[in-house]
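So that the names make sense, note that chain A is the first sequence line, chain B the second, and so on, each numbered from 1.
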Amino acid sequence: MSELRHPIGTFDVLTPDSRRWETLVGVFARVVEGAGYGLVLTPTFEDLSVFQRVGASTDIVRKEMYDFEDKGGRRIALRPEMTASVVRAYIQHRPTTPWKAWYVGSNFRYESPQAGRYREFHQVGIEAFGAVDADLDVEVIALGWEFYRALGLRRIQLLVNSLGDATCRPPYRALLLEYLEGRRDDLCDEHRERFADNPLRILDCKRPTCHAVAAEAPKQVEHLCDGCATHFARTTGGLDSLGIPWTLATDLVRGLDYYTRTTFEYAGLALQSAQNAVGGGGRYDGLVEEMGGPATPGIGFALGVERILMACDAEGTLPSPPATVDVFVVDFAGGSAARDLTAQLRSAGIRADRAFDGRSPKAQFKSADRSGARLALVVGPDEEAAGTVVVRPMAGDRQQRPVERHRVVAEVSRLLAP
RNA sequence: GUGGCCGUAGCUCAGUUGGUUAGAGCGCCAGGUUGUGGCCCUGGAGGUCGGGGGUUCAAGUCCCCUCGGUCACCCCA
């Protein structure tokens with residue numbers, strides 16, 4: 001066993017597994033680009049303050065951040081999530097709204113790993129800025145739903161909640177605090193001291209004591225202001241209209257502070273592990289302004305690639321067939337034919353591979369077999385002298401025949417054509 | 001950060017109450033087939049038994065520490 005290993009909580013993805021990643025990202029791009037979202041690339045690290053603004057009271061920012069001082073004395077953090085970066089980019093560049101962006105990339109959280117939880121993990125996601133319309137909430141939620149469907153996932157549950165806004169959240173918060181104050185003795189040790197920081201978090205606590213308290217707590221959805229109530233009704237009505245089943249989750253709070261109104265989560269019901277959230281998101285109408293930009297509403301989601309792949313495994317979808325080529329050149333006449341033919345074939349857009357180091361014909365055919373190539377091109381001393389190439393189908397009748405060297409590319413193209 | 005389980009070949013795993021040169025299957029390489037893959041046969045390469053320390057005449061096996069993996073708590077994608 002080598003001394004050099006990947007760091008704790010990280011992993012390598014080799015072929016054929018990596019092909020699933022390519023497929024997943026490709027499917028995601030197709031789905032969201034088909035709805036007008038454009039790829040946005042942002043740095044993997046940002047000034048620490050970018051993230052501190054989005055979650056000062058959350059574990060993600062308080063204890064799990066990979067932050068450090070760079071050689072210039074700047075406080076830097078590897079991104080623990082992507083929304084903050086995209087918002088920062090929006091503020092910096094001020095694209096015209098509505099601005100609809102999608103992304104894919106790594107995120108970093110300093111946690112101890114377990115099933116579906118890593119220190120470097122990957123997300124695909126979208127963000128849409130500049131519209132308060134509930135139909136945008138519907139669009140965003142539906143695109144995530146559509147993506148899971150496109151991967152072949154069926155056992156996904158959509159959880160939806162509304163957290164209210166600046167009008168109805170403070171009164172609700174006061175109501176909740178008052179209720180919790182009365183039940184203080186029934187809370188778990190951690191939350192008995194901490195519940196005032198973020199009382200909403202109690203609703204998410206899984207300890208039985210808190211759970212019982214939360215179950216009887218007043219619900220935000222039942223205390224929405226008129227604007228939020230209408231927005232929520234239009235959002236859920238839109239989902240109904242599109243035939244997307246959803247479940248009200250009054251205790252759905254999520255890990256970041258910035259959400260307003262709609263929040264949602266996709267749960268992988270086929271997953272047996274403790275972490276079954278395969279994606280989540282929500283509306284963040286106050287975030288752009290909080291981060292120093294013009295008041296701009298926004299909404300988005302982030303989906304966890306590793307967890308989606310776990311769900312695919314659990315549901316038996318999204319296989320990862322090995323990469324293949326079209327043609328394999330077998331050359332035991334010195335190697336110059338293999339060198340030149342593969343180059344010509346590749347120039348013509350034909351996927352071609354070959355063996356190196358002058359291996360035996362038998363070994364080269366073995367490699368040809370493994371390459372998945374439909375055709376083998378064979379050049380031995382006889383063909384080399386005659387200026388021909390033997391074309392051998394690797395399956396079917398395997399009837400091989402010589403072709404003149406200068407006609408090989410055309411002939412291969414013809415044989416490979418559907 | 002806390003706890004359970006697990007570390008033997010590239011992979012999946014055997015390895016008896018501690019006892020000689022640590023095994024199997026798969027995979028890989030070569031030969032059988034002086035130029036033809038999959039099947040078959042034969043052979044070969046490949047291991048500091050995760051690492052360190054201890055007990056012992058003797059440790060893959062027992063003890064301690066440590067590193068790593070995995071699962072769970074917590075939190076979340």
Side-chain angles (χ1 to χ4, degrees), chain A residues 1-11 14 55 57-65 79-83 104-125 144 188-191 194 198 201 204-208 210 252-256 265-268 271-281 301-311 328-333 355 357-384 390-396 398-400 402:
Chain A
M1 218 158 288
S2 169
E3 289 177 18
L4 265 28
R5 302 179 44 83
H6 58 244
I8 293 173
T10 64
F11 51 86
L14 279 56
S57 78
T58 65
D59 281 1
I60 291 174
V61 171
R62 292 193 332 175
K63 335 192 283 206
E64 297 172 4
M65 202 115 80
R79 62 184 176 208
E81 60 113 28
M82 303 247 230
T83 302
V104 53
S106 293
N107 296 283
F108 305 85
R109 293 181 196 171
Y110 195 89
E111 300 188 274
S112 69
Q114 66 185 70
R117 210 179 66 183
Y118 302 93
R119 288 188 174 177
E120 179 177 11
F121 63 100
H122 299 77
Q123 291 180 327
V124 292
C188 70
D189 293 348
E190 187 190 338
H191 286 123
R194 247 189 80 192
N198 189 348
R201 187 54 46 75
D204 232 6
C205 185
K206 283 167 188 143
R207 293 204 182 87
C210 279
L252 179 63
V253 172
R254 306 195 43 71
L256 294 153
E265 192 167 292
Y266 304 96
L271 291 176
Q272 299 301 310
S273 58
Q275 281 73 223
N276 74 341
V278 293
F301 65 59
L303 316 180
V305 174
E306 291 80 5
R307 290 190 188 175
I308 291 170
L309 292 176
M310 284 170 65
F328 197 95
V329 181
V330 173
D331 178 343
F332 44 93
D357 294 332
R359 306 221 294 143
S360 70
K362 178 175 176 170
Q364 292 192 51
F365 272 98
K366 202 164 187 167
S367 298
D369 190 40
R370 288 192 196 122
S371 75
R374 288 160 59 194
L375 298 175
L377 300 185
V378 188
V379 181
D382 296 348
E383 289 78 16
E384 185 85 331
V390 166
V391 178
R392 175 187 173 87
M394 293 297 285
R398 289 178 292 173
Q399 196 59 249
Q400 57 186 54

With [X], which residues qualify under side chain to side chain contact (heavy atoms under 4.5 Å, CB included), at least two apart?
X       : answer
V124(A) : L24(A), F28(A), V104(A), F147(A), L303(A), V305(A)
P393(A) : L375(A), D397(A)
Y118(A) : F11(A), F121(A), E306(A)

Might you work through the side-chain contact (heavy atoms from CB on, under 4.5 Å) test for R119(A) and F108(A), ending with a clear yes or no?
-> CA-CA 5 Å; R119(A) 288 188 174 177; F108(A) 305 85; over 6 Å; no

Residue closer to the 5' end of RNA chain B, Y110(A) versus V278(A) (nearest nucleotide) | Y110(A)

5'-most by nearest nucleotide on RNA chain B - Q272(A) or G279(A) = Q272(A)

Does a distance-only test, which skips hydrogens and angles, find a donor-acceptor pair under 3.5 Å between the side chain of [X] and the base of [N]?
X       : N      : value
R307(A) : C76(B) : yes
R392(A) : G37(B) : yes
Q275(A) : C75(B) : yes

Looking only at A77(B), G31(B), C73(B), the nucleotide nearest the F121(A) side chain is A77(B)

Nearest-neighbour nucleotide for the A115(A) side chain, C76(B), G37(B), A72(B) considered | A72(B)

Please report the interatomic distance [atom1]([X]) to [atom2]([Y]), rounded to the nearest 0.5 Å.
X       : Y       : atom1 : atom2 : result
D331(A) : Q364(A) : CG    : CD    : 6.5 Å
M394(A) : R374(A) : CE    : CZ    : 12.5 Å
H122(A) : R307(A) : NE2   : CZ    : 14.0 Å
S360(A) : F332(A) : OG    : CZ    : 10.0 Å

Can you tell me, in whole Å, how much space there is between the [atom1] of [N] and that of [M]?
N      : M      : atom1 : result
G4(B)  : U8(B)  : C1'   : 23 Å
U20(B) : G15(B) : C1'   : 15 Å
G23(B) : G47(B) : C1'   : 11 Å
C29(B) : C65(B) : C1'   : 41 Å
C5(B)  : A9(B)  : P     : 22 Å
C63(B) : G18(B) : C1'   : 13 Å
A45(B) : G37(B) : C1'   : 23 Å
U61(B) : U55(B) : C1'   : 13 Å

Checking all strands, does [X] fall into the base, sugar-phosphate, or nothing category for heavy-atom contacts under 4.0 angstrom?
X       : answer
S367(A) : nothing
A277(A) : sugar-phosphate
Q123(A) : sugar-phosphate
A376(A) : nothing
I308(A) : nothing
R109(A) : base

Within this structure, what is the [atom1]-to-[atom2] distance between [X] and [N], rounded to whole angstrom?
X       : N      : atom1 : atom2 : value
D59(A)  : G1(B)  : CG    : C1'   : 12 Å
K366(A) : G37(B) : NZ    : P     : 9 Å
F301(A) : C76(B) : CZ    : C1'   : 18 Å
Y118(A) : G69(B) : OH    : C1'   : 12 Å
L375(A) : G37(B) : CG    : C1'   : 14 Å
M394(A) : U36(B) : CE    : P     : 13 Å
R79(A)  : A77(B) : CZ    : C1'   : 13 Å
L4(A)   : G51(B) : CG    : P     : 16 Å

Side-chain contact, heavy-atom cut-off 4.5 Å: V390(A) with V330(A)?
-> no

Taking all non-hydrogen atoms of both residues into account, name the closest pair between A333(A) and P381(A) and its distance.
-> CB-N, 3.7 Å

Listing time: all N or O pairs from protein to nucleotides 32-35 of chain B that are below 3.5 Å?
from	atom 1	to	atom 2	distance (Å)
G32(B)	N7	K362(A)	NZ	3.4
G32(B)	O6	K362(A)	NZ	2.9
G35(B)	O6	D382(A)	N	3.3
G35(B)	O6	D382(A)	OD1	3.2
G35(B)	O6	D382(A)	OD2	2.3
G35(B)	N1	E383(A)	OE1	2.9
G35(B)	N1	E383(A)	OE2	3.1
G35(B)	N2	E383(A)	OE2	3.2

Just N and O in the side chain of [X]: are any of them under 4.0 Å from OP1 or OP2 of [N]?
X       : N      : result
R5(A)   : G50(B) : no
R117(A) : U70(B) : no
Q114(A) : A72(B) : yes

Can you tell me which stems RNA chain B forms when a stem means 3 or more consecutive Watson-Crick or G-U pairs under 3.5 Å?
-> B:1-7 with B:67-73, B:10-13 with B:23-26, B:28-32 with B:40-44, B:50-54 with B:62-66

Set of residues satisfying side chain to side chain donor-acceptor pair (under 3.5 Å) with respect to N107(A), sequence neighbours excluded = Q123(A)

Any chance the side chains of E120(A) and T10(A) put a donor and an acceptor closer than 3.5 Å?
-> no

